[in-house]
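Report on one structure; see the data block that follows.
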Amino acid sequence: MKHDLSEMMCLDIYLSNLSPNKYKEIKQNNEASSINMPPLKSWDIYSEHYGQRLLEIKKKYELNQIISLSKRFNWKNDFDKLLNDIDHDAVIITDIHQKIIWTDDGFSSMTGYSKTFATNKTPRFLQGKKTSKLVKQRIKQKILQNKPFSETILNYRKDKTTYKCEVKIIPLYNTQTTHYMALEKEIV
């Protein structure tokens, strides 16, 4: 009987809890068996659940980091609502001068740039010669209006490939705007 390693992993985990003698007996019976058994798939189910759980934990950790910044700067925004209601791949927080103070892991996945590299730069480092000057001007004007807005811009990854990015920019405020949060989503 032939099974690949992933199909046998659950069985091996179970069998590893048996006594050495009982394990040998079951192993010999299994190898001698001429019955074609379907492959074990429970590892796939567990693996998928585990991956989803890790993603949930990561998102919660990043939300806690944003809430920590919120407390530090006394922002009044409802981050739970913003982050859950707006579909996004990446989060960037900039100061009032648009210098990046924080990004999530989604930013690195989307752009190829590390969080450390992006910190203290403006998002303009993601733009290039094919980025529309008109779109850049609209973004600049909308930021001055100090209201949430959405725009689509052509950005460049670290490897110089382009991608269309839908950006939703939200002013972060206490008594006045002190920072901006950009929720970004790559679009096709």
* **Residue Arg157 excluded, over 12 heavy atoms near CZ under 6.0 Å** => yes
* Asked: When rounded to the nearest 0.5 angstrom, what distance separates CG in Leu83 from NZ in Lys60?
  -> 13.5 Å
* To do: Give a yes or no on whether Lys158 atom NZ has more than 12 heavy-atom contacts from other residues, nucleotides or ligands under 6.0 Å away.
  => no
* How long is the span from the CZ atom in Arg124 to the CD1 atom in Ile153, to the nearest 0.5 Å? -> 10.5 Å
* Using 4.0 Å as the upper bound for N to carboxylate O, is an ion pair formed by Glu56 and Arg53? -> yes
* Joint cluster assignment, Val167 & Met110, ILVMFWY side-chain distance < 4.5 Å -> no
* Does the side chain of Tyr156 reach to within under 4.5 Å of the side chain of Thr162, using non-hydrogen atoms? -> yes
* Mind checking whether Glu166 and Lys164 have side chains closer than 4.5 Å, heavy atoms only? -> no
* Asked: If you measure from CD1 on Ile92 to OG1 on Thr119, what distance do you get to the nearest 0.5 Å?
  -> 10.5 Å
* Structure fact -> Nearest heavy-atom approach of Glu151 to Val135 is CG-CG1, 3.7 Å
* Asked: Do the side chain of Thr131 and the main chain of Leu154 share a donor and acceptor less than 3.5 angstrom apart?
  -> yes
* Asked: Judged by atom type as modelled, is there a donor-acceptor pair below 3.5 Å linking the side chain of Tyr163 to the main-chain atoms of Thr111?
  -> no
* Asked: Between Leu172 and Asn77, which heavy-atom pair has the shortest distance, and what is it?
  -> CA-OD1, 3.4 Å
* Hydrophobic cluster identity match, Phe125 and Ile143, side-chain contacts under 4.5 Å -> no
* Does any non-hydrogen side-chain atom of His179 lie less than 4.5 Å from one of Ile96? -> no
* To do: Search all heavy atoms of Pro171 against all heavy atoms of Pro148 and return the closest pair with its distance.
  => CD-N, 3.6 Å
* **Sidechain-backbone polar pair: Asp89 side chain, Glu186 backbone, donor-acceptor under 3.5 Å** => yes
* Side chains of Leu69 and Arg72 in contact at under 4.5 Å (non-hydrogen atoms) -> yes
* How long is the gap from OG on Ser68 to CG on Leu63, to the nearest 0.5 Å? -> 11.0 Å
* Does the side chain of Asn146 come within less than 4.5 Å of Tyr180's, by heavy atoms? -> yes
* Straight-line distance of Arg138 CZ to Gln141 CD, nearest 0.5 Å -> 9.0 Å
* Min side-chain heavy-atom separation Ile101-Phe73 under 4.5 Å -> yes
* Structure fact -> For Cys165 and Asn155 the tightest heavy-atom approach is CB-ND2, 4.0 Å
* Would you call Asp85 and Lys81 a salt bridge, using N to O less than 4.0 angstrom? -> yes
* Ser108 (side chain) donor-acceptor with Tyr113 (main chain) under 3.5 angstrom -> yes
* Asked: Given side chains that start at C-beta, do those of Trp102 and Met181 come closer than 4.5 Å, heavy atoms only?
  -> no
* To do: Kindly say whether Val91 contributes a backbone atom to a donor-acceptor pair with the side chain of Asp104 at under 3.5 angstrom?
  => yes
* Are Leu183 and Ile67 linked, directly or through other ILVMFWY residues, by side chains that come within less than 4.5 angstrom of each other? -> yes
* Structure fact -> When Ile66, Thr103, Ile100, Ile170 are each screened for side chain to side chain contact (heavy atoms under 4.5 Å, CB included) with Ile93, the one that passes is Ile66
* To do: Locate the shortest heavy-atom distance separating Asp80 from Asn84; write the atom from each residue and the value.
  => O-ND2, 2.9 Å
* To do: Determine the minimum heavy-atom distance between Phe107 and Ser114, stating which atoms define it.
  => CE2-O, 4.4 Å
* Decide, yes or no, whether a salt bridge links Asp105 with Lys115 under the criterion of side-chain N to carboxylate O below 4.0 Å. => yes
* Does Asp95 offer a backbone N or O that forms a donor-acceptor pair with the side chain of His97 under 3.5 Å? -> no
* Asked: Looking at side-chain heavy atoms only, is the closest gap between Asn74 and Thr175 below 4.5 Å?
  -> no
* Do other residues, nucleotides or ligands put more than 12 heavy atoms under 6.0 Å from the NZ atom of Lys99? -> no
